[in-house]
Novice: 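Please see the structure below; I have some questions.
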Amino acid sequence: DVQLQASGGGLVQAGGSLRLSCAASGFTSDDYVIAWFRQAPGKEREGVSCINSSDGSTRYADSVKGRFTISSDNAKNTVYLQMNSLKPEDTAVYYCAADTGNLSPLIWQYSELYDYWGQGTLVTVSS
């Protein structure tokens with residue numbers, strides 16, 4: 001089974017940076033999508049960014065474009081989310097998720113389409 005382990009959350013001041021990591025294992029093919037989602041208290045889970053393993057293509061939510069960067073280190077089987085210029089509204093529990101079923105890039109933000117989830121890591125941005 002695919003297993004995901006998210007880490008890297010913490011407390012940071014507004015304008016600061018954090019890098020989240022998602023260590024993945026158990027993939028039986030080289031074609032999958034790993035995404036980051038986040039959920040703030042009282043809000044629905046929202047897609048933040050995703051990366052496609054087959055071609056390295058990436059997608060971002062409008063709210064994080066230009067501030068967050070997703071990348072992967074295939075040798076380490078790890079996906080990173082570099083978060084810069086953090087804002088208090090970025091405060092949330094961040095989750096990494098994986099889909100191995102040829103997920104269309106047009107619908108990557110639908111959390112129900114992902115089969116595997118890591119535990120969350122809390123990011124708190126103070127003002």
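Quick caveat, the model's predicted, so the values are computed rather than measured. FYI, side chains are in, hydrogens and waters are out, and symmetry mates aren't considered; it's all heavy atoms of this structure.
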Novice: Is any side-chain heavy atom of Arg38 closer than 4.5 Å to one of Ser63?
Specialist: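 Answer yes - side chains close enough.
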
Novice: Quick one: closest heavy-atom pair of Cys50 and Val33, and the distance?
Specialist: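 Answer, listing the atom of Cys50 first, then Val33: CB-CG1, 3.9 Å.
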
Novice: Measure the CZ-CG distance between Arg59 and Leu106 for me, rounded to the nearest 0.5 Å.
Specialist: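 One finds 5.5 Å between CZ of Arg59 and CG of Leu106.
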
Novice: Got a donor-acceptor contact below 3.5 angstrom from the Thr91 side chain to the Val125 backbone?
Specialist: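 Yes: the side chain of Thr91 pairs with the backbone of Val125.
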
Novice: Check for a donor-acceptor pair, side chain of Ser53 on one end and backbone N or O of Tyr32 on the other, with a separation under 3.5 Å.
Specialist: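 Such a contact is found between Ser53 side chain and Tyr32 backbone.
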
Novice: Does some side-chain heavy atom of Leu20 sit less than 4.5 Å from a side-chain heavy atom of Thr121?
Specialist: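 With C-beta onward as the side chain, the pair touches.
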
Novice: Do you know the tightest heavy-atom contact between Asn84 and Ser17?
Specialist: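 Looks like OD1-OG, 2.9 Å.
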
Novice: Could you tell me the separation between the CG atom of Asn77 and the SG atom of Cys22, rounded to the nearest 0.5 Å?
Specialist: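 Here the rounded value is 10.5 Å.
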
Novice: Between Val64 and Val48, which heavy-atom pair has the shortest distance, and what is it?
Specialist: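 Here Val64 and Val48 meet closest at CG2-O, 3.6 Å.
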
Novice: With a 4.5 Å cut-off on side-chain heavy-atom distances among I, L, V, M, F, W and Y, is there a chain of contacts connecting Val79 to Phe27?
Specialist: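 Yes: a chain of side-chain contacts under 4.5 Å links Val79 to Phe27.
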
Novice: Do other residues, nucleotides or ligands put more than 12 heavy atoms under 6.0 Å from the CD atom of Gln119?
Specialist: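 Above 12, so yes.
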
Novice: Would you call Met83 and Arg67 a side-chain contact if the rule is heavy atoms closer than 4.5 Å?
Specialist: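 Not in contact.
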
Novice: Working to the nearest 0.5 angstrom, can you tell me the gap between Tyr110 OH and Ser104 OG?
Specialist: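 Atom-to-atom, Tyr110:OH and Ser104:OG are 10.5 Å apart.
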
Novice: Can you name the nearest heavy-atom pair linking Leu103 to Trp108, along with the distance?
Specialist: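 Leu103 and Trp108 have their closest heavy atoms at CD2-CA, 3.9 Å.
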
Novice: Can Ser54 and Asn52 be said to form a side-chain hydrogen bond (donor to acceptor under 3.5 Å, both in side chains), step by step?
Specialist: CA-CA 6 Å; Ser54 61; Asn52 189 307; 2.5 Å; yes

Novice: State, to 0.1 Å, how close Asp90 and Ser85 come at their nearest heavy-atom pair, and which atoms those are.
Specialist: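 For Asp90 and Ser85, the tightest heavy-atom pair comes out as OD2-O, 4.4 Å.
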
Novice: For the residue pair Arg45 and Phe37, would you count it as a cation-pi contact if the rule is NZ or CZ under 6.0 angstrom from the ring centre and within 45 degrees of the ring axis?
Specialist: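 Pair Arg45/Phe37 does not count as cation-pi.
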
Novice: Drop me the distance from Asp1's CG to Ser25's OG, to the nearest 0.5 angstrom.
Specialist: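 Going from the CG atom of Asp1 to the OG atom of Ser25 covers 9.5 Å.
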
Novice: If you draw a 6.0 Å radius around CG in Asp30, do more than 12 non-hydrogen atoms from other residues or ligands fall strictly inside?
Specialist: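 No - once you tally the heavy atoms of other residues, nucleotides and ligands closer than 6.0 Å, there are 12 at most.
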
Novice: Of all the heavy-atom pairs spanning Gly9 and Leu18, show the shortest one and how long it is.
Specialist: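 Shortest heavy-atom separation between Gly9 and Leu18 comes out as C-CD1, 4.5 Å.
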
Novice: How long is the straight-line distance from OH of Tyr114 back to CD1 of Ile34, given to the nearest 0.5 Å?
Specialist: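 If I round to the nearest 0.5 Å, the distance is 10.0 Å.
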
Novice: Hey, what do you get for SG (Cys96) to CD1 (Ile70), rounding to the nearest 0.5 Å?
Specialist: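 Going from the SG atom of Cys96 to the CD1 atom of Ile70 covers 9.5 Å.
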
Novice: Find out if a path of hydrophobic residues (ILVMFWY) with successive side-chain heavy-atom gaps under 4.5 Å connects Tyr95 to Val2.
Specialist: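 No: no chain of side-chain contacts under 4.5 Å links Tyr95 to Val2.
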
